[in-house]
Structures are given as structure tokens and as C-alpha cells.
Amino acid sequence: ETDDLCVEFVVIRSRIPTCLVRVREELELLGYRDGETLFGAPYDPRHAPPLPGQPSQVYSDYFARVKDLVERASEKNQNKPVILVAHSFGGKVILGFVNWTPMAWRKKFIKHLVLVSPTPPEGFLGVLTSLTSGPSFLVPSVPPLLLRQMWRTFASTLLSLPSPMAFGHRPTVITNHKNYSAYDYKDLLPALGLNTEVVKRVLSMQLRIDPPMVPTTYLNGVGVKTPEQVVYREGNFDVAPEKVYGDGDGTMNFFSVLAFVKELSRQQQANIPFKFVAIANATHSDIVVQEHSLKKVMDVILEANH
Ligand SMILES: *[C@@H]1O[C@H](CO)[C@@H](O)[C@H](O)[C@H]1NC(C)=O
Ligand SMILES: *[C@@H]1O[C@H](CO)[C@@H](O)[C@H](O)[C@H]1NC(C)=O
């Protein structure tokens, strides 16, 4: 399984284009130019964008910089509003950004938001397996278990745990003597060895999802086998688990994607366009790399620019 969260280190390490590299190339072929009509807003994936109404020093600084960037980009281009494009965790970050800005600012500066496989706040199972057994995607040559301790210090790792909102009472972690659902973090997290401070933080998190209130298109893969339960028979979390699969994009569980779509589509009640595009057989990372799905992503960006 090479397909998982898209983070900056992956771009550096890999010779094959990942993340938004191919999208950038396609945009450049169409005449977009870095620093003139095309801008990047890289973020630090260790940190968690704040939940609505909560403070975060790192993200306050980041959001302020993105706001400046958007204003400068608009100014350079006859004060036209911008199109924001984000993939994976970047989708969560940019949604946090948009919701952080005043409504009048959004209306003035954002023409369209394109979310490609954004990390659903309702969570996905992979977050849990990275916490239990370590991340399998950061550095392929290093056993995930060796990265586990470092991984657990990232605030972002706790942010998208499977939530009751999408996972309900279905067991996500199965052992011979006890099953755990999204309601059982009080028991599960200490069993994994996470300290009480972290457990308290997770339990105090309130999930609230605000639609961005700007025209938005959400694209996500579907029809790819995606882990939705893990089995640690003997209750030993230091071994790789057996996995039970369901539908999704290989990383994001489809029922969680649909729960997120439902929340975001609430902006249609205010007559603000929202569209969801499911792309068959597109995996979480390949959606912005493989020709057939990349073309759909490009079509959405170009249509937004009409
Ligand atoms: C745990 O879940 C599995 C699969 O849903 C089920 O077969 C098993 O009986 C459950 N075990 C316990 C202890 O509840
Ligand atoms: C998706 O993959 C399945 C299994 O390989 C295949 O049967 C189906 O035709 C594919 N669908 C599309 C739209 O490519």
C-alpha cells in the first residue's frame, strides 16, 4: 500500500509526480505562470488547523499569509477573484482558511474553491492505524513502528480520527476480547499508550463543519478498496493488523466522504453552488496524477475560470 496521505516529504522523496505537481504542470501548459497567475501556499502538515472558534498560533500566522497572498494575486490580475485548489490535508487546511475569513472578504476575493479528496473532518480509518502501528507512508524504507512515537507528537494526527458522525457504533478496532468504536477513545487511546493529556484533548474536540459559503466543487475517488476496520487479534498493537475493507479511494472511507459532502452542501440553501464529483477507481493520490481523473480535475478548474 503506497497510497496514503499526501504530505510534502513525499514530493521530495519521490521521482514520480505526486500531490499537485501534475496539476501545476497542466496549468503551466495553459499559460499560468508561477508568481503571476499561479501561487503556492505550502503548510506545515504536523500542525492541526484549529477547530472553529479555537486558537492556533501556527495557523493564525499561516492564514494571515494566505490572505495576503490572495490579495496580492488578485491585485496583480485586475482585481479578479481567485480560484483555490487543494488536495487531501490541504483541502482541510484551505477550508479552515476560508471559514476564518470574513464573509465580505470571501465574496470579494474567492471565485471558486476546488477540493480534491479533502480529508473529511468526520475522519477515516487510516488515522487510527497510523496512531496504532505508525504511518506507513512517510518514509517507505523505515518500518512504520519506528516512526510511531514521532507521529504521535503531531497535532494533525489526532484531527481526523474516525468520528461517531460518520462511523457510528461500528467497531473500528477489533481484538479477541474487546471491540472499539468511534465512541470508545476513552478506552482505546490509553490502551494504545497515548498519554492522558492527549486523550483529554481528543475527547474535548467538538466536531463542527461549516460550509465555506463560496462556490465549491468537491472531487473524490470511489470504488477503491479502503480499510474500514482493523483486527489486532491478540490485542497487540505493535504488529501490523489485518484489515477489513469497504468502499472509498483507498484512504478515505466513502461513507465519511458522503457525510462531509452532506455538510458542505448545506450552502445550497443559501443559493451558493456546491457540486460533488465522484470519480470511479481514482485513488487518493492518483486522482491528481492519472490522466482520466486529472482531466476531470482540470475541467473543473477551467470551468470555474469561465
Ligand atoms: C467484535 O466485532 C466482530 C466483528 O463485527 C464480532 O464478530 C465480534 O463478536 C465482536 N467481539 C466482541 C467482543 O464484541
Ligand atoms: C473500475 O474498476 C473495476 C474493477 O477493476 C472495473 O470493473 C470498472 O469497469 C472500472 N470502472 C471505471 C469507470 O473505470
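Just follow the structure's listing: the first ligand is 1, and inside any ligand the first atom is 1.
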* Distance under 6.0 Å and angle within 45° of ring axis: Arg72 vs Phe39 ->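 Pair Arg72/Phe39 does not count as cation-pi.
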
* Evaluate the side-chain contact (heavy atoms from CB on, under 4.5 Å) criterion for residues Glu228 and Lys243: first the C-alpha distance (whole Å), next the side-chain angles of each, then the deciding distance (0.1 Å), finally the verdict. => CA-CA 7 Å; Glu228 64 182 38; Lys243 292 178 181 174; over 6 Å; no

I'd like the atom pairs linking ligand 1 to the protein - N or O on both sides, separation under 3.5 Å - with distances to 0.1 Å.
from     : atom 1 : to     : atom 2 : distance (Å)
ligand 1 : 2 (O)  : Asn179 : ND2    : 2.3
ligand 1 : 11 (N) : Asn179 : ND2    : 2.9
ligand 1 : 14 (O) : Asn179 : ND2    : 3.3

* Asked: To the nearest 0.5 Å, what is the distance between CG (Leu219) and CG (Leu115)?
  -> 8.5 Å

* Electrostatic pair Glu291-Arg22, nearest N-O below 4.0 angstrom ->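 The answer is yes: the pair qualifies as a salt bridge.
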
* Does the ring centre of Trp105 sit less than 6.0 Å away from the ring centre of Phe97? -> yes

Which pairs would a plain distance check flag for residues 106-113, meaning a side-chain donor or acceptor within less than 3.5 Å of a matching protein atom at least two apart in sequence or in another chain?
from   : atom 1 : to     : atom 2 : distance (Å)
Arg106 : NE     : Val98  : O      : 2.9
Arg106 : NE     : Thr101 : O      : 3.1
Arg106 : NE     : Thr101 : OG1    : 3.3
Arg106 : NH1    : Pro212 : O      : 2.9
Arg106 : NH2    : Val98  : O      : 3.4
Arg106 : NH2    : Asn99  : O      : 3.2
Arg106 : NH2    : Thr101 : O      : 3.0
His112 : NE2    : Thr217 : N      : 3.4
His112 : NE2    : Thr217 : OG1    : 2.8

* Check ligand 2 against Ala280 and write out every atom of the ligand that is under 4.0 Å from a heavy-atom position of the residue. => 13 (C)

